[in-house]
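Following: one structure in structure tokens, then a few remarks.
Every heavy atom of this structure was used, including side-chain atoms; hydrogens, water molecules and symmetry mates were not. Computed from a predicted model, the values in this text were never measured in an experiment.
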Amino acid sequence: MPFAPEFTIPALLAMRETYGTKLFSTYGFLDAFNPTFTASGQQEAGTVDPIAGWFDVDYLGIDQGPILARWSRTIGPISCGA
């Protein structure tokens with residue numbers, strides 16, 4: 001996102017709009033998804049939507065701090081409410 005926000009931000013918004021709560025919910029985006037895998041019952045983990053594809057059930061939080069720091073440099077300082 002920090003290197004090409006003019007491309008990445010529209011892509012993230014499009015993924016959120018296209019896949020909705022299957023890919024994005026309370027804690028942000030899920031760890032992984034594969035829109036081409038639609039064989040329900042063949043996966044070892046995650047959930048399969050026969051139309052939208054496979055979605056992981058986990059969130060990957062280890063990289064969230066650096067993402068917020070980079071994002072704040074892109075859009076301006078983040079208000080902490082103080």
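For Leu13, the CG atom sits in a packed shell: over 12 heavy atoms of surrounding residues, nucleotides or ligands are nearer than 6.0 Å.
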- Task: Kindly indicate, with the supporting measurements, whether the criterion side-chain contact (heavy atoms from CB on, under 4.5 Å) is fulfilled by Phe33 and Lys22.
- Result: CA-CA 9 Å; Phe33 78 106; Lys22 291 177 182 68; over 6 Å; no
- Where do Tyr19 and Asp49 land on the side-chain contact (heavy atoms from CB on, under 4.5 Å) test, with the steps shown first? CA-CA 10 Å; Tyr19 299 107; Asp49 180 286; over 6 Å; no
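Between Pro5 and Pro10, the closest heavy-atom pair is O-CD, 3.6 Å. For the pair Asp56 and Leu30, the tightest heavy-atom approach, listed with the atom from each and the gap, is O-CD1, 3.0 Å. Here the closest heavy-atom approach between residue Thr38 and residue Ile51 is recorded as CG2-O, 4.4 Å. Of all heavy-atom pairs spanning Asn34 and Thr36, the tightest one is OD1-OG1, 2.6 Å.
Taking the side chain to side chain donor-acceptor pair (under 3.5 Å) definition, one finds that Ser25 meets it with Tyr59, sequence neighbours left out. Scanning for side-chain contact (heavy atoms from CB on, under 4.5 Å) contacts around Gln42 gives Phe37, Ala39, with sequence neighbours left out.
Under the 4.5 Å side-chain contact rule for hydrophobic residues, Phe55 and Met15 share a cluster.
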